[in-house]
Colleague: 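Here's a structure for you.
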Amino acid sequence: MKLESKYQEAVKRIKYLENELEQSRKKEADLLVSEKKFGKLFRCNPASIIISSMTSGRYIDVNESFLKATGYSRKELIGHTSTELNVWKSEEERNRFVQILLNDGKVRNFETDFRKKSGEFGIVLMSSEVIEINGELCMLTISKDITARKKAEDALRESREKLSGILDSVAGRISMMDQNLNIVWANKVTRELFDMEIVGKKCYEIYLDKNSPCDGCIGKKTFSDGRTHEHEIVIKDKNGEEMAFWCVSSVAARHKDGQPRLVVETARNITERKKREKEERRRKNAEAANLAKNEFLANMSHEIRTPINAIIGLISMLESTSLNSEQFNLLKFLRNSGQTLLGLINDFLDLSKIEAGQLELEKINFSLSNEIEKIVESMKYKGREKGLWLNYRIEDDVPDNLLGDPFRLRQILVNITGNAIKFTDTGGIDILIKCKNQNPLLADKFREKIEIEFSIKDTGIGIHEDKLDNIFKSFTQADISTTRKYGGTGLGLTICKKLTDIMGGKIRGKSVLEQGSEFVFTAIFELKPGKFVQDKTPVSGTDVQKIYTRTLRILLVEDNRANRIVFEFYIKNLPHHLDIAENGLVGVQKFAANEYDIVFMDIEMPIMDGCEAAEKIRAWENENNKSPVKIIALTAHALKSERPTFFAAGMNDYVIKPIDVNNLFTVIARNLNASYFKEKIQGLDTDMALKSLRGNKAIFIKVIKEFVDKHANTADEIRTALKIKDMEAAKILSHTMKSVAGYLSAEKLSQAALDLETGIRQNHVKEFDRLTDSFEDAMKIVLEDIQIFLDKEEPGKKQAG
């Protein structure tokens, strides 16, 4: 039994050993398989794998990917250390890597530079663990080359920075939102609008200070349909100021299924544009209001001037009859009252025109001394009635021949001088005229513009010092008591100030109570070379008879009976034939049935107004091949803006009511006298020259005579100056002739003088002879033809030179 038992025990042990051996063989087989799998994984892994000694850094094994990445061969690596091959960026970097591994037993995603065999650096990402091989601690490291990725990331970052810089420099607001309307990005302009961090906030919370999206949110619309949408919104910035933006919402990025993922909103600041639009609306409304006001004033002017015209005309008629002294004085007071009312209307109209920007300055040639003399003469009688003196003085250095608006200058002087007379009971008024900041030694021909100062000093009641600043404001006077005692509306000085502003000058006043006042204003004028020549004889009925060689047939179209009576009275002593039509329709019928030399046409008439009648007359002339007859508008419309309407209807000139008899005859002369010249002057536009002289033939003849006397030898004088190299004298002579010829409308001569002046200024010495010859030829033509013209116009009178 014992033997059998031992046998069985032995069999069991053998079987156990066989089983252990089998398990061992299986483990060896599995290990072999595992080793083969590891070897294959090691060798074929796309990532670089390194087995190295932890202590020495000696390479034990590397895979093919590492060899390929570094450029080394297996022979060059195995058995050598990383320090020997200098593959780390620095020894300190390797020590830091090893220390992490020792401390933690592993390293994950350690980024560092790695030097290749070529010496080129690459960027790698390494992960490592500690393993034991044959009792030695080793590092199993997997390394991934991320150089390309890092370059791509750097390029992407740089691109983003550039894009962000560009978007930050954009003047408009740009932001990006996700589907929940959260702001995920915003440019600098958008960020700086709000004093808070806006990224991550809802757009409606930031922009509109709301708790929910606004109605018609374009961001929601774009997320919904993927289309671009626009609208206008008003937001408040960090200072609480409202700003208007025009916003455009569009898709910035999409999901794979094509649905919008991000929406970009661009917003253009239109605050200033909205302000301009608002101002433009205000301006247009103001213009419309001004237009309505001007239309009202024009109608008011017509309605008031028409009866005033009749009143003043009838007064003139009564004054020509036999009157006793009481009747004469009553008529004088009546005339003064009418003139005062007319002045008041003119003040209102002038102020309206100035405020509407419709007042335009004339630019005509005039004599300053003549204008001052006429103003003083017209004002003297008012002063004499109060026992006052009225003196004036013009400094010697003030040029007399000016280009500007004498009417507006006269308006300022008459207004201030009239005030001085009104508010002065004893003493008188002194007017002083001098140059402002000009060198009196500088000849006029060296200057193109001049600023002249006018001083009007009185010995009147004076003005309190604290009232001086207000007297130039509308409807303001120094003291309400002055209105009761002296009358007036307080518009005169307001208009004077506005006129001086338009004329490039300034006005100021100084005063001492009970001692007097002084008003000083300046105005800028252009200079005209030469001496101003003026026919001082006023145009009268007798002059009209002398001007024309035949009796004129005149058609008066006027609906107001009183105005017809006045017009008839003005020409009753003249040998002209007058036909009268009571409205425009009758006027057209009479014109077609008769021949007339001139037509005076009222504007506001029943049945057919003056403009329509003038148009029909012009149409009839065209249809019947008739030469156009002069048509003169008779108008109570004093607004200058109305006058282009008259000219557009075919009228040639106008007379403003109430009609002044001298002005009436001047208009007749201006429109008919020029056509009576027997000859034209070659090289000189006589019609244009006459127009600049208001059609005055006598002045024209005097001017061309003076031209011959003063400038016949100018060409020789220029040649002499050039010969002795006195360029300044030659330049002045040619410049003066350019201006004089232009004034006479001698265009070719003016151009030749300009060419010569330009050549002298630019010192084109080689061109002097040619330019002077051209100038002399043009001058010769004008001079010879002027002489021929004068011989025919004034037979028997031979001109000198």
Colleague: Is it the case that over 12 heavy atoms from other parts of the model lie below 6.0 angstrom from the CG atom of N285?
Modeller: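 Buried by this count: over 12 neighbours within 6.0 Å.
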Colleague: What class does the angle between the rings of F454 and F521 fall in, given that below 30° is parallel, 30 to 60° is tilted and above 60° is perpendicular?
Modeller: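 Rings of F454 and F521: parallel, as their planes differ by under 30°.
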Colleague: When rounded to the nearest 0.5 angstrom, what distance separates NZ in K498 from CD1 in I502?
Modeller: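 Answer for the NZ-CD1 pair, K498 versus I502, is 8.5 Å.
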Colleague: Checking S369 now: which residues fulfil side chain to side chain donor-acceptor pair (under 3.5 Å) with it, not counting sequence neighbours?
Modeller: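 Once residues adjacent in sequence are excluded, the partners of S369 under the side chain to side chain donor-acceptor pair (under 3.5 Å) criterion are S367, D400.
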Colleague: Take F525 and L409, measure what side chain to side chain contact (heavy atoms under 4.5 Å, CB included) needs, and give me the verdict at the end.
Modeller: CA-CA 10 Å; F525 301 93; L409 173 62; 4.0 Å; yes
Colleague: Sub-3.5 Å donor-acceptor pair from the side chain of R410 to the main-chain atoms of E371, do we have one?
Modeller: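 Between the backbone of E371 and the side chain of R410 there is no qualifying donor-acceptor contact (under 3.5 Å).
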Colleague: Tell me whether T417 contacts the main-chain N or O of V414 through its side chain, where contact means a donor paired with an acceptor under 3.5 Å.
Modeller: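 Such a contact is absent between T417 side chain and V414 backbone.
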Colleague: Mark yes or no for whether T500, through its side chain, and G505, through its backbone, hold a donor-acceptor pair below 3.5 Å.
Modeller: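 Flag not set: sc T500 to bb G505 has no pair under 3.5 Å.
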Colleague: Checking salt bridge (Lys or Arg N to Asp or Glu O under 4.0 Å) for the pair D405/K363: CA distance, chi angles, key distance, verdict?
Modeller: CA-CA 5 Å; D405 193 331; K363 187 179 282 190; over 6 Å; no
Colleague: For I524 and G504, work out which heavy atoms get closest and say how close.
Modeller: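 Looking at all heavy atoms of both residues, the closest pair is CD1-O, 3.4 Å.
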Colleague: Using 0.5 Å steps for rounding, measure from the CD1 atom of I495 to the CG atom of N415.
Modeller: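 CG of N415 is found 7.0 Å from CD1 of I495.
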Colleague: Do other residues, nucleotides or ligands put more than 12 heavy atoms under 6.0 Å from K497 NZ?
Modeller: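 For K497, atom NZ is not crowded (no more than 12 foreign heavy atoms under 6.0 Å).
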Colleague: Using salt bridge (Lys or Arg N to Asp or Glu O under 4.0 Å) as the criterion, point out the one residue from E451, E453, E395 that pairs with K434.
Modeller: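 With K434 as partner, salt bridge (Lys or Arg N to Asp or Glu O under 4.0 Å) holds for just one option, E453.
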Colleague: Going by side chain to side chain contact (heavy atoms under 4.5 Å, CB included), name the residues that satisfy it together with S511, two or more places apart in sequence or in a different chain.
Modeller: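 Counting only residues at least two positions away or on another chain, S511 forms a side chain to side chain contact (heavy atoms under 4.5 Å, CB included) with I463, L468, S517.
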Colleague: Is the backbone of I580 close enough, under 3.5 Å, to the side chain of R564 for a donor and an acceptor to pair up by distance?
Modeller: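 Judged by distance alone, no pair lies under 3.5 Å.
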Colleague: Holding to side chain to side chain donor-acceptor pair (under 3.5 Å), I want the full list of residues that pass it with N652, two or more places apart in sequence or in another chain.
Modeller: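 Counting only residues at least two positions away or on another chain, N652 forms a side chain to side chain donor-acceptor pair (under 3.5 Å) with R618.
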Colleague: For R283, does the CZ atom sit with more than 12 other heavy atoms under 6.0 Å from it, leaving out its own atoms?
Modeller: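 Above 12, so yes.
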Colleague: Under 3.5 Å, side chain of S750 to main-chain N/O of A741, donor-acceptor pair present?
Modeller: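 No, because the side chain of S750 does not come within donor-acceptor range (under 3.5 Å) of the backbone of A741.
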